[in-house]
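To start, the structure itself, in C-alpha cells.
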Amino acid sequence: MKFGRKGFHTAVASISSLVDMQYEPENGELNNIHKRLMDGRKEFEKAVTSTMEAVINMSAMDLTLETNVEKVEQINSSILCSVNTISESAGSTTDIASEVSKAHENLTSAIVEVSGESANIMEEISSCEKELTSISGLSSEAISTAEGMKADMQGLLTIIRQMNEAIGAISSISSQTNLLALNASIEAARAGEAGRGFAVVADEIRKLADETKSLTGNIGRFLGSIEEASKKSSDSVDTTIAELENINVSIQNVWEITGNNRTSMSNISDSVSSLAAVSEEISSSMSELENHVQFVNGQCQSLKENSAALADSADAIAQLVEPSKTIEKHLEESTKAMGNLVQDAFYMLDNQVIINCLHGAVEAHLTWLQVLKDIADTRQLKVLQTDYTKCGFGRFYYTFNPVNPAVVKIWKGLEEKHKTFHTYGTQMISAVRLDSDIGQQQLKPIYDKAQACSKDLISDFQNLIQVIEALSKEHVRIFE
C-alpha cells in the first residue's frame, strides 16, 4: 500500500504523540495502528482508574480490618475480664449465700424462741395484771378501813375531851368539898365536944375529897396518855392513808406500764409473725438465688468459651490483614508504575481522568473531615486514616507527577497542607484516648483547625481543576 508523503508524515506524527487525527483512506494500516493505540490508552486509563480505586479501597479495608481487630481484641479482653469478675462474684455470692443460709437457720431458731418467750411474757403480764388488780382492791379496802379508824379516833378524842371536862368539874367539886370539910372541922373544933362527931365526918369528907382529887388527877393523866396516843395513831392513820394512796397511784402507773408492755408484746408478737413470713420468703429467695448463681456460672463458662472463639476469630481476621497488605503493596507498586508510564505519550492520561480523580479526592477529603467531626461530637473513636500517603488524595498525589508549569505551581503547594491536615486526625485520636477534661477540651479546637485547613485545601483543589480544564480547552495535557 502506498502512502501520500504529506498524509504519511501527519499520521506518523499523530501516532508518535498519540493525539486525535483524521483517518485518511490513503493512510490505511496507520489508521488501524492509531486506532488500536488510542483504544489501548482508553483501556489503560480505565486500568489506572480501577487500580487507583482498588489500592484506595485496599488501604481503607486494611485500616478497617486493623481497627476492628484491635476493637475486637479490646472488647474480648473486656468481656473476659468481666466474665472473670462475674465468675468471682458468683463464687463469692455462693459463699455468702451459704453463710446467709446458715444465719437464716439460726434466725429461724431465734424466731421460734422469741415467739415462745413472747407467749410466756404475755402470760406473765396477764398474771401481773391480776395481781395488781388484787393489790389495788386490798389497798382500797385498807384506805377505807384506815379512814374508818381515823373517824373512830376523832370520836375517841372527842370523848376524852368530854371526860377531861367532867374530871375538871369533879376536881373543882373535890376542891370545894375539901374546903367545906376544912371549914366544917374548924366549926366542929369550936363546938367542942358537941362538934366532935361532926369533925369526924368533916375529916372523912376531906379525905374523900383528897382521894377524889388524887383519883381525878390519875384519870386525867391516863386520859392525857390516851389522847396523846390517839393523836399519834391518828397521824399514823393519816400517813398510812397517804402511803396507801401513793401505792394506788403507783399501782395505776404500773398498770399503765403493764398495759403498754402488753401492747408492745402484742406488736412484738405480730412482728415475730411477720418476721417468720419474711424468713420463709428469704428461704425461698435463697433457693432461687442459688439457682440463679448456678445459671450465671453456666453462662460465664459459655462466655469464656465464646471469648476464646472470638479471640480465634480476631486472630484469623488479623491474619487476613497481612495478605491484604501484600495486595495493597502490589497495587501501590502497580499505580506507581502506571504513574511513571503516563509520562509517555502512548500512556499519557487524558486531563479529564485527572479531574475525575480530583473530584473523588475532594469527596473523600470531605468524608474524612465529617468523620473527624463525628469523633469530636461523640468523643468516640472511629476508623480514620491518619497516613497522608494512603488516603484518597494521597494515593493520587504520590502516583502522578505532572510537568505542566501552571499545574506544578499549585501541585507542589498541596503536600505540606495535606500533611498538616492529617496531623489533626492524629491529635484528635490522642485527645480522645487521653480521656480527661483536658483531652475533651482539645477536641473542638482541633476540629476547627482541621476545618480551616480543609477550606484552604479545597480551594487549591478547585483552582487546580480550573487550571486543568483551561489546559484541556487548549488541548494541552498536564504531563506534557
Side-chain angles (χ1 to χ4, degrees), residues 49 52-78 314 317 321 324-325 328 332 354-400 410-466 468:
T49 303
M52 185 65 66
E53 290 179 356
V55 72
I56 291 172
N57 291 333
M58 284 300 299
S59 294
M61 186 183 74
D62 288 345
L63 179 62
T64 301
L65 282 174
E66 288 177 344
T67 303
N68 287 333
V69 166
E70 183 180 354
K71 284 184 178 179
V72 169
E73 289 175 347
Q74 291 176 350
I75 292 171
N76 189 47
S77 177
S78 177
I317 295 172
V321 175
S324 65
K325 283 185 176 180
E328 180 186 354
E332 183 179 355
I354 302 301
I355 290 173
N356 292 339
C357 288
L358 281 171
H359 282 304
V362 170
E363 291 179 2
H365 174 87
L366 292 175
T367 300
W368 191 97
L369 184 65
Q370 182 60 47
V371 173
L372 192 71
K373 184 177 186 302
D374 291 341
I375 294 175
D377 291 340
T378 63
R379 301 178 182 180
Q380 298 292 326
L381 291 178
K382 298 180 181 295
V383 178
L384 186 70
Q385 180 61 267
T386 56
D387 188 343
Y388 63 91
T389 65
K390 293 184 177 181
C391 68
F393 176 75
R395 290 295 186 187
F396 167 73
Y397 185 84
Y398 291 102
T399 296
F400 303 112
I410 302 174
W411 191 268
K412 288 184 177 180
L414 291 172
E415 184 172 16
E416 288 303 318
K417 293 179 182 179
H418 186 246
K419 285 182 181 179
T420 302
F421 180 70
H422 275 273
T423 60
Y424 296 124
T426 303
Q427 293 176 21
M428 183 71 74
I429 293 172
S430 298
V432 172
R433 286 177 175 171
L434 189 59
D435 195 23
S436 66
D437 293 338
I438 296 175
Q440 302 302 330
Q441 293 171 3
Q442 294 175 353
L443 299 183
K444 190 176 184 305
I446 292 172
Y447 173 73
D448 291 341
K449 291 178 182 178
Q451 190 177 36
C453 184
S454 173
K455 290 180 179 179
D456 195 14
L457 274 171
I458 290 176
S459 178
D460 288 344
F461 290 158
Q462 291 173 344
N463 290 337
L464 185 59
I465 290 172
Q466 291 175 359
I468 295 174

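Remember, predicted model here, so these are calculated numbers, not experimental data. Note: hydrogens, waters and symmetry copies are ignored here, and every other heavy atom, side chains too, is used.
- Here Phe400 and Trp411 keep their ring centres 6.0 angstrom or further from each other.
- Here the straight-line distance linking atom OG1 of Thr49 with atom CZ of Phe396 works out to 10.0 Å at 0.5 Å rounding.
- A side-chain N or O of Asp374 and one of Gln370 form a donor-acceptor pair less than 3.5 Å apart.
- In this structure, the separation between CD1 on Ile429 and NZ on Lys382 is 12.5 Å, given to the nearest 0.5 Å.
- Heavy-atom minimum distance, Val371 versus Val383: CG1-O, 3.7 Å.
- Residues Leu381 and Arg433 approach most closely at CD1-NE, 3.6 Å, considering heavy atoms.
- Ring pair Tyr388/Phe393: centre-to-centre distance not below 6.0 Å.
- Counting non-hydrogen atoms of neighbouring residues, nucleotides and ligands closer than 6.0 angstrom, the NZ atom of Lys444 reaches no more than 12 such neighbours.
- In this structure, Phe421 has its ring center closer than 6.0 angstrom to the ring center of His365.
- At least one donor-acceptor pair under 3.5 Å links the side chain of Trp368 to the backbone N or O of Gln385.
- Nearest heavy atom pair, residue Leu372 against residue Tyr424, reads CD1-O, 4.1 Å.
- For the residue pair Thr386 and Gly425, the shortest heavy atom distance occurs at CG2-C, 4.0 Å.
- Of all non-hydrogen atoms in Gln440 and Arg379, the two that sit nearest each other are OE1-CD, 2.6 Å.
- Judged by distance alone, with hydrogens and angles left aside, the side-chain atoms of Ser454 form no donor-acceptor pair with the main-chain N or O of Ala450 at under 3.5 Å.
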